[in-house]
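We use all heavy atoms of the structure for the numbers below, so side chains are in, but hydrogens, waters and symmetry mates are not.
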Amino acid sequence: MQARFRLRIGNDRDLALGPGKVALLEAIQETGSISGAGRKLGMSYRRAWLLVDAMNRAFSTPVIETSTGGREGGGTALTRTGQEIVRRYRKIEALAFAAADKEINAISRLMRQ
């Protein structure tokens, strides 16, 4: 079993971002809805909405935008901020994993299997 490395970004007040929240943003981008993203990730709409709300409060501008129904049916999309957050988080994650891979593997070998 390989050791896991999880990247979380926040400040003293808020845990703004982690792998679950980024996966939720990606699922919203893919499905076009919070409920669809929640279903894709196996979480309730309420849980998905609470995570989105926490991100909206942690960042200076909203991470998603919603449109109400009508002929096209409404939906949810990432804002520019939301898109930038996903892009930058994934880049930081890749850089961190690459830099830490040797040490993570060393710790993994010391762990009970």
Side-chain angles (χ1 to χ4, degrees):
M1 177 180 280
Q2 179 72 22
R4 292 189 319 164
F5 177 81
R6 296 176 56 107
L7 177 66
R8 297 181 190 279
I9 301 171
N11 56 31
D12 292 336
R13 192 178 55 175
D14 299 303
L15 174 58
L17 211 53
K21 288 179 179 174
V22 172
L24 178 59
L25 290 176
E26 290 170 328
I28 289 170
Q29 189 169 28
E30 183 180 321
T31 65
S33 76
I34 295 171
S35 59
R39 279 191 300 276
K40 179 177 170 107
L41 298 175
M43 69 175 70
S44 69
Y45 172 82
R46 177 167 168 69
R47 176 73 178 138
W49 173 249
L50 289 172
L51 291 172
V52 167
D53 186 53
M55 286 185 280
N56 281 337
R57 285 184 278 110
F59 291 98
S60 59
T61 60
V63 297
I64 65 158
E65 55 192 2
T66 59
S67 58
T68 54
R71 199 186 310 216
E72 322 286 91
T76 305
L78 299 187
T79 61
R80 274 196 215 134
T81 299
Q83 293 170 9
E84 184 174 357
I85 287 166
V86 169
R87 181 178 56 78
R88 289 184 181 275
Y89 180 90
R90 291 300 184 203
K91 183 171 184 173
I92 292 166
E93 185 180 56
L95 291 169
F97 286 151
D101 187 57
K102 180 179 173 185
E103 299 306 321
I104 291 170
N105 286 331
I107 288 173
S108 184
R109 286 191 298 275
L110 296 172
M111 295 175 76
R112 187 181 333 182
Q113 300 299 317

Item to check | Nearest atoms (heavy-atom pairs only) where Gly18 meets Tyr89 | outcome: C-OH, 3.6 Å
Checklist entry - What closest approach, in Å, do Ala54 and Lys21 show between heavy atoms, and which atom pair accounts for it? => result CB-NZ, 4.1 Å
Next on the checklist: Under the criterion side-chain contact (heavy atoms from CB on, under 4.5 Å), I'd like the reasoning laid out for Met55 against Ile85: C-alpha separation, chi angles, the key distance, then a yes or no.
Outcome noted: CA-CA 10 Å; Met55 286 185 280; Ile85 287 166; 5.9 Å; no
Could you measure the distance from the [atom1] atom of [X] to the [atom2] atom of [Y]? Nearest 0.5 Å is fine.
{"X": "Leu78", "Y": "Glu84", "atom1": "CG", "atom2": "CD", "answer": "12.0 Å"}
{"X": "Phe59", "Y": "Leu17", "atom1": "CZ", "atom2": "CG", "answer": "5.0 Å"}
{"X": "Ile28", "Y": "Leu51", "atom1": "CD1", "atom2": "CG", "answer": "9.0 Å"}
{"X": "Ile9", "Y": "Arg88", "atom1": "CD1", "atom2": "CZ", "answer": "11.0 Å"}
{"X": "Thr76", "Y": "Ile64", "atom1": "OG1", "atom2": "CD1", "answer": "5.0 Å"}

Checklist entry - For Arg39, which residues count as a side chain to side chain contact (heavy atoms under 4.5 Å, CB included) partner, sequence neighbours excluded? => result Ser35
Checklist outcome for this item: Residue set satisfying side chain to side chain contact (heavy atoms under 4.5 Å, CB included) with Thr31, at least two apart, ordered chain then number -> Ser33, Ala37, Lys40
Checklist entry - Around Arg80, counting heavy atoms of other residues, nucleotides and ligands shown, do more than 12 lie under 6.0 Å from its CZ? => result no
Checklist entry - If Ile, Leu, Val, Met, Phe, Trp and Tyr residues are connected whenever their side-chain heavy atoms lie under 4.5 Å apart, and connections chain through other members, are Ile92 and Leu24 in the same group? => result yes
Next on the checklist: Is there a continuous path of hydrophobic side-chain contacts, each under 4.5 Å between heavy atoms, that joins Leu50 to Val63?
Outcome noted: no
Checklist entry - Under the side-chain hydrogen bond (donor to acceptor under 3.5 Å, both in side chains) rule, what pairs show up with a residue in residues 44-56, not counting sequence neighbours? => result Asp53-Arg57
